[in-house]
Amino acid sequence: MKSLIIKDLYKKYGDVEVLKGINISLQAGEFLVLVGPSGCGKSTLLSTIAGLEDIYKGSISLGEVDITNLSPKDRGLAMVFQSYALYPSMTVRENIEFGLKISKYSKQEIETRIANSASILHIEDLLDRKPSQLSGGQRQRIAIARSISREPDMYLFDEPLSNLDAKLRVKMRAEIKKLHKRVKKTIVYVTHDQIEAMTLADKIAIMNKGVIQQFDSPINMYENPCNLFTAGFIGSPSMNFIEVVINKENDKLFINLKNSNGDDNIIYVGNDFENLDNYIGKKVIVGIRPEHIQNAFRDSSLKDKLQNVEATIEIQELIGSDVFLHITLNDTEIISRVSPNGAKDDGESISLHVWTKKILFFDIDSEQRIR
Amino acid sequence: MTKTNNIQSILSRILIYTLLIISAIYFLLPLFVMIITSLKDIDEIKNGNLLSLPKEITFAPWIEAWSEARIGSETSGIKPFFINSIIMTVPAVLISSIIGAFNGYVFSKWRFKGSEVFFSLLLFGCFIPFQVILLPMSQTMGYLGLSGSVGGLIFVHVVYGIAFTTLFFRNFYVSIPNELINAARIDGAGFFRIFFKILLPVSLPIFMVCIIWQMTQIWNEFLFGIIFSDADTQPVTVALNNLVNATSTVKKYNVDMAATLIAVAPTLLAYIISGKYFVKGLMAGAVK
């Protein structure tokens, strides 16, 4: 088990900076997920950790060792790729052997490692097949087995599940989690899927435009996003953003969420904010997660923390466990996640509750959280 | 509705097949005439019909063309020149394909600063007409001591071939995911091991394309063959020309036809044996 520390990492392609000062400190055995939209630099960051791409400046160390200038094979890591990257002309066994033979392990050692990794991923029956004779899920298992056989200090995963169908993806996701529990090694995992990030990670780093927006635990990422980007990126359906004006009356801050009929919904926002006073009379963006504006909070102790919002249902989407209502507040269409019980028809008005404490405020220009 | 559709589709089928059959006849008729002419004796050719089948099949013209016909000052047939062509073509094809594979590997997987410019310049070689380089090439071959030898012909064909083979291999390797190379690098494989263990084993289709292409080009090539060779190192194309264009003797059409068929046989065979690889290999990289 080794910790991963990245300091002030910059990467340029020509004059274009694709990584702009990345700092990561990951404890030994932790599972880090790099997540972000395509082109945000997450895969590039992974490649620089692997040593497949040169960096402009900065340093990377694994455990006590500075690996910034080491060749990929000397960094003590293994990587699993999106396209599996199995050598097409070799059998599964030869695929696993390839790196071990280069590292000049004894025949016996190689045999043991193949048997070991094959049994962990239940691929003993596939060892003599060619990659072209395997399904996508099987190929991914082989790729993971190959990386295990290297017995690395750290695993790198580059969107390993995105070529699999939805059902298999959920299954493999759980297997990767189990694998992490079993090998207890440090893992860096790249994905664009925020659900993968939430379910797998000990730490999430959300990236955008070559910068880490937030580096945090999944639960903190969800409850305490630091800016508009991370707030909108994590969660499905994503957080609702509504422009409002902060008002103050009788020493109480409030906002108004007008529904589509033009009726006022006054919401008092409480006094636990340090800086919200500075925004009185100004426009800000409020963020409300779909499940925090609904009709039936299960927890009855919340009762006195809820405030009413009257709205008109425009359309509704039943997904089974919940219904997503599309409603309009302050001319913005938002989604409310309600229970399917007591369903109403489209066009009817409905009385919803907002969990006041969960409302987040963001500066409209800097897009930073107002605390 | 369905009935008219049916009739329409039958009619278009008939039209397509008619066209195909006509084209096939058009292209195969010369070959047919050549084969039957080469199997007739000379009297039958003079008195008979061009398209009629031989009354009596004779292989004498083939034997004469192969080992007895007068070419230049010798009565050796085209056999020694056929052998010259083999000695020239086999190494030229193999060397240019191997260099092309290596170049293609570098240009697709180990790009360096300016490699695209380099590649474009190399491609320029595909468009240089043969005539342009005759003088500089003969001078170069003089310096290298290769004038008039089979080695010299191999050299010029390798140089000309590299542009095409590099293009073929580069386009083929571009379609192979870079992740494969990265995986091998993490496994500790170096530049040469990746080439020999990962890429070469999957290169059979594109090797076939290169071999067929280069073999056809080099075997059928005439201009370099006539200019850069001596009397005893001429390739079969030049010998065939000398045989057919000889003015001193009586025209023996059957021997000419037999000699021509012998001269084109290797390229024809190459197409028949490996044609399916050719189509596959040319398509690779074009689709994705």
Side-chain angles (χ1 to χ4, degrees), chain A residues 13-14 43-44 46-54 67 70-91 94-105 130-132 139 142-144 146-147 149-150 152 154-160 162-163 190, chain B residues 97-98 101-102 104-106 108-119 169-210 276-277 280-281 283-285 287-288:
Chain A
Y13 287 120
S43 285
T44 311
L46 197 72
S47 295
T48 59
I49 298 174
L52 298 168
E53 304 239 21
D54 297 330
I67 59 168
L70 292 183
S71 78
K73 74 168 172 15
D74 299 324
R75 296 186 175 212
L77 41 81
M79 189 157 171
V80 177
F81 296 88
Q82 181 178 0
S83 66
Y84 323 129
L86 298 176
Y87 312 126
S89 59
M90 303 180 194
T91 63
E94 288 164 339
N95 259 284
I96 301 175
E97 273 176 351
F98 184 71
L100 301 177
K101 277 188 174 168
I102 294 173
S103 305
K104 301 215 165 68
Y105 288 111
K130 288 271 177 76
S132 57
R139 285 180 206 188
I142 309 298
I144 295 172
R146 184 173 66 181
S147 67
S149 73
R150 292 176 55 76
M154 177 168 67
Y155 289 89
L156 305 177
F157 287 85
D158 189 3
E159 308 213 15
S162 18
N163 283 5
V190 164
Chain B
S97 298
I98 290 165
F102 200 73
Y105 169 55
V106 173
S108 58
K109 300 297 177 206
W110 296 86
R111 297 201 178 154
F112 49 90
K113 209 169 180 174
S115 65
E116 289 298 299
V117 178
F118 216 89
F119 179 62
F169 274 100
R170 185 233 179 226
N171 287 354
F172 181 76
Y173 289 148
V174 158
S175 69
I176 290 177
N178 284 334
E179 292 193 343
L180 215 52
I181 311 297
N182 286 340
R185 283 172 66 197
I186 289 178
D187 270 344
F191 182 81
F192 288 103
R193 198 194 294 258
I194 292 174
F195 181 57
F196 287 110
K197 293 274 180 182
I198 313 274
L199 286 184
L200 270 193
V202 297
S203 305
L204 183 67
I206 199 66
F207 255 110
M208 284 304 190
V209 171
C210 263
K276 69 170 185 190
Y277 286 104
K280 253 198 232 163
M283 292 300 289
V287 188
K288 220 170 117 186

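Every chain is numbered from 1 and lettered A, B, ... according to where its sequence line falls, protein lines coming before strand lines.
- Atom CZ of B:Phe118 is surrounded by 12 or fewer heavy atoms from other residues, nucleotides or ligands within 6.0 Å.
- Side chains of A:Ser89 and B:Leu200 form no contact here, defined as non-hydrogen atoms less than 4.5 Å apart.
- Within the 3.5 Å criterion, the main-chain N or O of B:Lys197 finds no donor-acceptor partner in the side chain of A:Tyr87.
- Looking only at side-chain heavy atoms (C-beta outward), A:Leu52 and B:Ile181 stay at 4.5 Å or farther from each other.
- A search for ring-ring contact (aromatic ring centres under 6.0 Å, His included) contacts involving B:Tyr173 returns B:Phe169, not counting sequence neighbours.
- Looking at A:Arg146, the atoms closer than 4.5 Å to chain B (heavy atoms on both sides) all sit in the side chain, from C-beta outward.
- Of the atoms belonging to A:Leu100, not a single heavy atom falls under 4.5 Å from chain B.
- With B:Glu179 contributing its side chain and A:Phe81 its backbone, the two residues share no donor-acceptor pair below 3.5 Å.
- More than 12 heavy atoms of other residues, nucleotides or ligands sit less than 6.0 Å from atom CG of A:Asp74.
- To the nearest 0.5 Å, the span separating NZ on A:Lys101 from CG on B:Asp187 amounts to 12.5 Å.
- With respect to chain A, the highest number of heavy-atom pairs below 4.5 Å among B:Asn178, B:Val202, B:Ile198 belongs to B:Ile198.
- Between A:Ala50 and B:Ile186, the shortest heavy-atom contact is CB-CD1, 4.1 Å.
- Among all heavy-atom pairs drawn from A:Pro72 and B:Arg185, the shortest one is CB-O, 4.0 Å.
- Atom-to-atom distance recorded for A:Asp158:CG and B:Asn182:CG is 9.5 Å, nearest 0.5 angstrom.
- Checking side-chain atoms of B:Arg193 against main-chain N and O of A:Ile102 turns up no donor-acceptor pair under 3.5 Å.
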